[in-house]
Amino acid sequence: MSITADISETATATGFSREGVEAVSRARLDTGAARDARLRAWELYESLPMPQRTDEEWRRTDLRGLKLDRLRPYAALDGSGVSPVRALEAAGVEDAAAQIALGPNAGVVVQRDAGTILATLDPDAAAQGVIFTDLATAYREHPELVERWFMTQAVPASFGKFEALHAAFWQGGSFLYVPKGVTIEAPFRAFSLISEPGAAIFSHTLAVVEEGAQAFMADAFRSPSLEGQSFASAVVELIVEPDAKLRYVQVQDWGRNVWNFMTERATLAQDATLNSLHVALGSKFSKASIGSHLRGKNTLAEMLGIYFADGDQFFDHHTWQLHESPYGTSDLEFKGALKGNARSVYSGLIKVFEGAQKTDAYQQNRNLVLSRTARADSIPNLEIAANDVRCTHGATVSQVEEEHLFYLQTRGVPRSEAQNLIVEGFFRPIIDRVPVEEVQEFLRTAIARKVGI
Amino acid sequence: MSDGNSNGTTPMFEIENLHAEIDGKEILKGVDLTVNQGEIHALMGPNGSGKSTLAYVVAGDPRYEVTEGSIRFQGEDILEWSPDERARKGLFLAFQYPTVIPGVSMANFLRLAVTNVRTARAEEIAAEGGSAQPFTPREFRRLMREKMALLKMDDAFATRYLNEGFSGGEKKRAEILQMALLEPKMAVLDETDSGLDIDALKVVSEGVNNLSGPKVGMLLITHYQRLLNFIKPDFVHIMHDGRIVESGGPELAHELEAKGYEGLRARTAEAAAS
Ligand SMILES: Nc1ncnc2c1ncn2[C@@H]1O[C@H](COP(=O)(O)OP(=O)(O)OP(=O)(O)O)[C@@H](O)[C@H]1O
Ligand SMILES: [Mg+2]
């Protein structure tokens with residue numbers, strides 16, 4: 001069941017190379033087609049230039065601190081014999097046993113470094129044809145399903161330099177497949193953990209919700225802060241078929257040694273609904289590109305985001321609301337708080353394609369800056385090629401009002417707790433929009449902890 | 001008197017020669033005022049005379065700088081205390097213009113406030129035979145509902161965000177609700193009556209009367225005799241240009257109602273001339 005192929009031959013080598021791709025492919029027991037796809041992606045990676053600050057999307061991003069040639073291109077593969085609860089606790093996950101229990105969850109995948117530690121699925125869901133397991137296993141057991149969507153529709157390898165690297169080296173990740181008409185209420189939960197610094201982690205999420213089906217998937221990226229740079233490259237592909245509904249929640253809480261690159265695209269077919277929430281708390285550097293393709297008619301994409309940076313963290317979020325068909329609604333709200341010397345960049349594009357009439361697109365980004373040395377930039381953008389549409393966007397950067405702090409203090413609440421209340425209040429409207437008790441509770445605690453740092 | 005002990009001779013709350021400025025402009029120009037336990041004082045005076053400024057300075061608003069004078073509460077100088085310390089010691093200000101804070105629910109905020117205040121007063125509460133154990137959310141909800149019922153406030157206010165979308169009168173009621181939960185020893189109510197309809201004025205006045213008592217001091221800032229029909233003051237003071245220019249009993253408010261500030265001033269000038 002677990003993969004034990006030997007990659008020790010090059011496990012200490014650093015830097016990315018064609019040999020590295022081959023070693024990963026051998027270790028993963030790839031099929032011939034999968035191996036060829038990796039090698040094609042590698043060639044693409046080599047042919048693409050490193051993003052420059054002259055590129056609009058990278059203009060405010062400083063990649064100089066990222067030392068790709070000093071990274072090992074893969075981490076330990078063998079996850080067998082590791083206690084999932086212990087691994088989660090070591091990565092800072094609270095209440096670990098409950099987090100991976102079946103019942104409250106419909107299925108759980110836990111991966112550490114690149115090895116799978118746990119993959120479970122509720123038998124009732126399995127009986128209805130649901131698949132939820134680590135991506136490599138899914139690739140071997142259901143190649144026709146995985147190949148149909150894996151980096152073909154949502155995020156192709158040709159997407160960009162880092163996506164091509166991901167396509168060449170991907171190792172961890174999970175695959176969710178919910179067949180036509182099946183509704184599963186409980187979440188499918190995937191954890192991606194890091195225990196060894198100095199390595200690259202490539203985690204890939206592929207979720208397919210077939211026609212009329214409904215599901216809830218939660219991705220968590222967690223690790224302790226370690227000595228030595230780590231590199232995380234995640235690609236998330238969410239396929240929401242006609243009349244299907246998907247709720248997707250992602251929590252990025254990597255250790256402070258991690259450079260995180262995440263590219264996510266959802267594709268929505270006719271009458272499909274996506275409700276997503278992205279929470280960014282950890283890492284040293286994080287660049288996330290999050291987009292929804294409203295491909296079919298009459299789709300709804302709710303895209304929510306919460307980020308909270310402190311210390312010397314740098315968070316960069318780019319969002320894309322791509323209205324490709326008529327009667328699409330997208331509703332995006334990203335809110336960020338910053339303290340210490342943290343920096344954030346938000347840039348969002350609403351793009352309405354020709355013919356996408358009756359589009360209703362909303363985009364809002366608000367930032368709360370809690371220190372003099374923190375800084376937030378917000379760049380909203382519209383690109384509209386249809387004439388019967390409604391598009392609204394707004395961006396603000398503000399500070400905690402002294403008047404608010406004073407008022408709360410006059411009721412006996414110490415200043416630090418008052419600040420916490422105000423920051424929580426700032427995020428509250430988004431938290432209220434995610435009607436999942438456990439997510440709300442997690443956010444409250446995470447925000448309070450951040451304020452207290 | 002300055003030994004800091006709260007014996008029978010130390011006034012509960014004492015302001016002496018208080019000068020305060022904002023943005024370099026002096027607003028309070030030597031205020032003297034003493035409130036003993038169990039006393040209700042009314043503070044009146046024309047617009048802009050400095051009544052709210054006095055209230056803010058008592059509460060510790062960092063926008064104001066005290067340049068001279070003192071404020072003592074139970075014998076202790078409070079000027080160095082933060083606003084939250086003052087509140088935990090038992091001071092309360094009902095704002096003329098309560099602040100709207102989006103996203104902060106009344107119930108969550110007030111539970112936090114009550115927990116802080118009660119924890120600070122644990123010894124006192126124990127001495128009275130009570131327990132300062134923090135309320136569970138459920139217990140607190142019940143207590144809050146009880147107090148809201150007395151003020152004829154709908155339960156829905158508990159989950160609403162602090163003063164957000166509250167009407168003028170609702171905000172004033174919410175201030176008194178906060179006071180009822182915090183049980184202060186010295187309360188300053190800044191125009192709590194303005195913006196209230198006549199029924200609401202009765203309800204809120206009853207609420208305030210319930211909270212007053214032999215151990216509590218109150219300073220009611222108001223423009224209208226109307227409020228003083230419901231809450232009977234022991235003393236009435238008139239502020240003008242940053243000073244208290246006249247003090248007297250309840251009859252002073254009646255006289256003011258009849259003559260206006262101009263009339264009063266004319267009467268004072270006459271008395272001074274004769
Ligand atoms: N930042 C400031 N700079 C200069 N003057 C100020 C500032 N803030 C307040 N003031 C002035 O202080 C004075 C006293 O204001 P305050 O609010 O205390 O009056 P008040 O007696 O409460 O009046 P009202 O009856 O209208 O409520 C006013 O003249 C006001 O304009
Ligand atoms: Mg005033």
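Small disclaimer: the values here were computed from a predicted structure and weren't measured. A note on names: the letters A, B, ... follow the listed sequences, proteins ahead of strands, and every chain is numbered from 1.
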Open item on the list: Contact between Arg63(B) and Phe406(A) at the side-chain level, heavy atoms closer than 4.5 Å - yes or no?
Closed with: no

Open item on the list: Could you check whether any side-chain heavy atom of Asp84(B) comes within less than 4.5 Å of a side-chain heavy atom of Val413(A), counting everything from C-beta outward?
Closed with: no

TODO: Counting only heavy atoms closer than 4.5 Å, note whether Leu162(B) contacts chain A via side chain, backbone, both or neither.
DONE: side chain

Task: Inter-residue atom distance Thr115(B).OG1 - Glu417(A).CD, 0.5 Å rounding - done: 9.0 Å

- [ ] To the nearest 0.5 Å, tell me how far Glu403(A) CD sits from Phe95(B) CZ.
- [x] 8.0 Å

- [ ] Give a yes or no on this: more than 12 heavy atoms of other residues, nucleotides or ligands lie within 6.0 Å of atom CZ of Arg141(B).
- [x] no

Open item on the list: If we ignore hydrogens and angles and just use 3.5 Å, is the side chain of His404(A) paired with the main-chain N or O of Pro102(B) as donor and acceptor?
Closed with: no

Open item on the list: Need one label for Pro98(B): side chain, backbone, both or neither, based on atoms under 4.5 Å from any heavy atom in chain A.
Closed with: both

Open item on the list: How about CZ on Arg390(A), more than 12 heavy atoms from neighbouring residues, nucleotides or ligands closer than 6.0 Å, or not?
Closed with: no

TODO: Go through Val114(B), Leu112(B), Val117(B), Leu110(B) and name the one with the most non-hydrogen pairs under 4.5 angstrom from chain A.
DONE: Leu112(B)

Open item on the list: When you compare the side chain of Leu182(B) with that of Arg411(A), does any pair of heavy atoms fall below 4.5 Å?
Closed with: yes

Open item on the list: Let's test your reading of the structure: which of Ile101(B), Asn108(B), Leu91(B), Leu93(B) forms the most heavy-atom pairs below 4.5 Å with chain A?
Closed with: Ile101(B)

Open item on the list: Less than 4.0 angstrom from a charged side-chain N to a carboxylate O is my criterion; do Arg415(A) and Glu85(B) meet it?
Closed with: no

Task: Side-chain donor/acceptor of Arg88(B) to backbone N/O of Gly412(A), under 3.5 Å - done: yes

Open item on the list: Is it true that, when you exclude Gln399(A) itself, more than 12 heavy atoms of the residues, nucleotides or ligands shown sit nearer than 6.0 Å to its CD?
Closed with: no

- [ ] Could you grab the distance from atom OH of Tyr407(A) to atom CG of Asp61(B), nearest 0.5 Å is fine?
- [x] 13.5 Å

- [ ] Using a 4.5 Å cut-off on heavy atoms from C-beta on, say whether the side chain of Phe92(B) contacts that of Thr410(A).
- [x] no

TODO: Can you tell which part of Tyr161(B) gets under 4.5 Å to a heavy atom of chain A, answering side chain, backbone, both or neither?
DONE: side chain

Task: Lys147(B), NZ atom: more than 12 neighbouring heavy atoms under 6.0 Å - done: yes

Task: Portion of Leu408(A) that has a non-hydrogen atom of chain B nearer than 4.5 angstrom - done: both

Task: Part of Val100(B) within contact of chain A (heavy atom distance under 4.5 Å) - done: backbone

